[in-house]
2 protein chains.
Amino acid sequence: MKKTSTQPLHLRILNDVQNNILSGKWQPGFNIPFETEMAAQYNCSRMTVNKALTQLTKSGLLERRRKSGTFVKRPQSLSAALEITTIQSEVEKLNRRYSYRLMSDQLRAIETIDQIYLDIADGKNIRDINCLHFADEQPFCFEQRLINIDAVPDINNVKFNDEAPGAWLLKKVPWSRANHQIFAVAATDSVAQNLNINNGDPCLVIERTTQNNAEKITWAKLSYSGAMHNLQATFTP
Amino acid sequence: MKKTSTQPLHLRILNDVQNNILSGKWQPGFNIPFETEMAAQYNCSRMTVNKALTQLTKSGLLERRRKSGTFVKRPQSLSAALEITTIQSEVEKLNRRYSYRLMSDQLRAIETIDQIYLDIADGKNIRDINCLHFADEQPFCFEQRLINIDAVPDINNVKFNDEAPGAWLLKKVPWSRANHQIFAVAATDSVAQNLNINNGDPCLVIERTTQNNAEKITWAKLSYSGAMHNLQATFTP
DNA sequence: AAGTGGTCTAGACCACGGG
DNA sequence: CCGTGGTCTAGACCACTTT
């Protein structure tokens, strides 16, 4: 079928599939229609569908197996480019023992200050969590996290006593964009206390907002002792 | 033509073109053969060539204009993902006046310590440069840079009195990989002096090694005052 | 053996933009 | 205008994997 709008058909197909995934309609693991079926549905040739699905596979949203079909991929790393996954995998990559402690966890009404990070309407509730990550029993990272509970179904039943919220979210929630700000700051009282370093020592701070197509999902502030941590990233053009 | 090796033909074409660019055989601005010519050369259909060239365009190595043809793109940003380009553009994005001062510039034999950053054979020479970037006449970034002069033809004729080495290299040299390490450190004497901050103040330090397919091109250590700077990055899966 | 994606063809028409 | 890339087709055969 010849295209009728201004947008190429293969891009329309790509966007349709992407929206089905990011909206949660097609959950991770879902077996999406075969190329031939979608070609019939869009009244186009299989090549056109293939172009869209091949691109989404390269982007990491789909996984394809001959004979079996095409599946929505489980969300994994924060892109191959910036090798931040979970703090646990960071620690284990350093050959150190990982442990975790939940410091506080409350469901509370949103305040004006939160809306800087998560633009949510007044009156909504958010999950406000503080926790600590350890490497060999030494404080490694202090995490402050806000979660938009409307963007994450099921979260009300989840306790973060044993698993960090970042790790759980990474398994559970597909996202389309992550924005980072990275700072070097002098440790404030509370951070110094939690990381067991001196007040004023340099800290590497990462603030990350993660969103899907529709809304912001979560905001996290990760504070590392400067002496213990550096961030690595590899890019290709 | 049916493929004869194990590698798909469109990937072979993609790699051939990429190698021509990264090896320097096809310089930035070079008008590469038309799709029809390459199809004839590889004895395949135009669609197959198109698949390879479309991918390279998405990767940012090529630029295509109807009627004119396909050109090797001038190396630009450090990928759209991590928005580091030149320090000048960083400063100007903050609406501040940029200026630059060369502190030292010497051509010297490589030492053992350098080989950690640029793995070059003994006896070779490198360019060793220190310079300062200013925002509104205030020190903004202290840059220490080593350049593998064998990887950069023409560099011997270039003075960096008015243009920073990073800016010049970005215009001049195609690269295939950039590796970053990001630290938060306490300012050492020399850095504190150059950035006009107090000894021990937190600094954001970025160490970047840039390479092409064959060899490492340059290493840079960029030190920013923590109070003045933060790094931003946006990722999509 | 059969079903699915991976690749490729030999055309076609259109959109854009330089001359 | 006309040359170039952008898109699309209606097939085809092959490669891989599950049954």
Side-chain angles (χ1 to χ4, degrees), chain A residues 1-18 20-21 26 28-74 237, chain B residues 1-18 20-21 26-74 76 237:
Chain A
M1 183 184 204
K2 300 295 169 1
K3 68 170 173 158
T4 55
S5 71
T6 62
Q7 195 183 31
L9 181 54
H10 71 267
L11 284 185
R12 218 189 92 209
I13 299 175
L14 189 150
N15 284 326
D16 286 353
V17 174
Q18 190 170 59
N20 280 331
I21 296 172
W26 288 356
F30 179 77
N31 189 340
I32 82 169
F34 305 131
E35 289 189 350
T36 48
E37 293 177 40
M38 297 187 62
Q41 178 193 328
Y42 285 95
N43 192 23
C44 69
S45 79
R46 187 166 75 92
M47 272 293 290
T48 305
V49 175
N50 181 276
K51 189 166 189 171
L53 299 188
T54 299
Q55 178 56 43
L56 285 169
T57 306
K58 272 190 222 153
S59 312
L61 276 183
L62 294 177
E63 198 171 353
R64 317 194 77 185
R65 283 192 299 279
R66 282 156 158 138
K67 166 77 182 175
S68 310
T70 302
F71 302 83
V72 177
K73 197 165 174 180
R74 285 165 211 293
Chain B
M1 182 183 204
K2 300 296 167 7
K3 69 172 175 158
T4 56
S5 72
T6 62
Q7 194 184 32
L9 181 53
H10 70 266
L11 285 184
R12 219 189 91 210
I13 299 175
L14 189 150
N15 283 326
D16 286 353
V17 173
Q18 188 171 58
N20 280 332
I21 295 172
W26 287 356
Q27 295 281 326
F30 179 75
N31 189 340
I32 83 168
F34 304 131
E35 288 188 352
T36 48
E37 293 178 40
M38 295 187 63
Q41 178 194 328
Y42 284 95
N43 193 22
C44 68
S45 79
R46 186 166 76 92
M47 272 292 290
T48 305
V49 175
N50 181 276
K51 188 166 190 170
L53 299 188
T54 299
Q55 179 54 45
L56 286 169
T57 305
K58 273 189 223 155
S59 313
L61 276 183
L62 294 178
E63 198 172 353
R64 317 194 76 188
R65 284 193 298 279
R66 284 156 153 134
K67 166 77 182 179
S68 312
T70 302
F71 302 83
V72 177
K73 198 164 174 180
R74 287 167 210 290
Q76 32 20 330

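Chain letters run A, B, ... following the sequence lines, proteins first, then strands; residues in each count from 1.
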Student: May I ask you to list the residues of residues 62-71 of chain A, by number, that have any heavy atom positioned under 4.0 Å from an atom of DNA chain D?
Tutor: Arg66(A), Lys67(A), Ser68(A)

Student: Sequence neighbours excluded, which residues qualify as side-chain contact (heavy atoms from CB on, under 4.5 Å) partners of Gln41(A)?
Tutor: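 In terms of side-chain contact (heavy atoms from CB on, under 4.5 Å), with neighbours along the sequence ignored, Gln41(A) is linked to no residue.
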
Student: Looking at dG6(C), dA10(D), dA10(C), which one has an atom nearest to any side-chain atom of Met47(A)?
Tutor: dA10(D)

Student: Under the 3.5 Å rule, do the base of dT7(D) and the side chain of Arg46(B) count as making a donor-acceptor pair?
Tutor: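 Checked by distance alone, the answer is yes.
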
Student: So if I take every side-chain heavy atom of Cys44(B) and compare against dG6(C), dT9(D), dT9(C), which nucleotide ends up nearest?
Tutor: dT9(C)

Student: Between Glu35(A) (CD) and dA12(D) (P), how many Å, whole number?
Tutor: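 Going from CD in Glu35(A) over to P in dA12(D) covers 17 Å.
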
Student: Please report the distance, rounded to the nearest Å, between CD in Glu37(B) and C1' in dG3(D).
Tutor: 12 Å

Student: For Met38(B) and dG5(D), what is the distance between atoms CE and P respectively, to the nearest whole Å?
Tutor: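 Going from CE in Met38(B) over to P in dG5(D) covers 10 Å.
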
Student: Taking atom C1' of dC2(D) as reference, at what distance in whole Å does atom CZ of Phe34(B) sit?
Tutor: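 It is 13 Å, rounded to the nearest whole Å.
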
Student: How would you list all residue pairs meeting salt bridge (Lys or Arg N to Asp or Glu O under 4.0 Å) that involve residues 47-72 of chain A, not counting sequence neighbours?
Tutor: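 Qualifying pairs, neighbours excluded: Glu35(A)-Arg64(A).
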
Student: Do the side chains of Leu62(A) and Ile21(A) get nearer than 4.5 Å, heavy atoms only?
Tutor: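 In contact.
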
Student: Whole Å only: how far is the CG atom of Asn50(B) from the P atom of dT9(C)?
Tutor: 12 Å

Student: So, OP1 or OP2 of dT9(C): does either fall under 4.0 Å of a side-chain N or O from Thr48(B)?
Tutor: yes

Student: Got a second to check how far Thr48(B)'s OG1 is from Leu14(B)'s CG, nearest 0.5 Å?
Tutor: 12.5 Å

Student: Could you work out, with side-chain contact (heavy atoms from CB on, under 4.5 Å) as the rule, every residue matching Asp16(A), not counting sequence neighbours?
Tutor: Arg12(A), Tyr42(A)

Student: Atom CD of Gln55(A) and atom P of dG6(C): how far apart are they, to the nearest Å?
Tutor: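 The distance from CD of Gln55(A) to P of dG6(C) comes to 13 Å, rounded to the nearest Å.
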
Student: Go through dC8(C), dT7(D), dT9(C) for me and flag the one nearest to the His10(A) side chain.
Tutor: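 For His10(A), the side-chain atoms sit closest to dT7(D).
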
Student: List in chain and number order the residues that pass ring pair (Phe, Tyr, Trp, His ring centres under 6.0 Å) with Phe30(B), two or more places apart in sequence or in another chain; answer none if no residue qualifies.
Tutor: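 Checked Phe30(B) against ring pair (Phe, Tyr, Trp, His ring centres under 6.0 Å); matches are Trp26(B).
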
Student: Roughly how many Å is it from CG in Asn31(A) to C1' in dT18(D), rounded to a whole number?
Tutor: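 One finds 14 Å between C1' of dT18(D) and CG of Asn31(A), rounded.
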
Student: Could you state the atom-to-atom distance from CG of Leu9(A) to P of dC13(C) in whole Å?
Tutor: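 My rounded result for the distance is 19 Å.
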
Student: Val72(A) versus Asn20(A): any side-chain heavy-atom pair under 4.5 Å?
Tutor: no

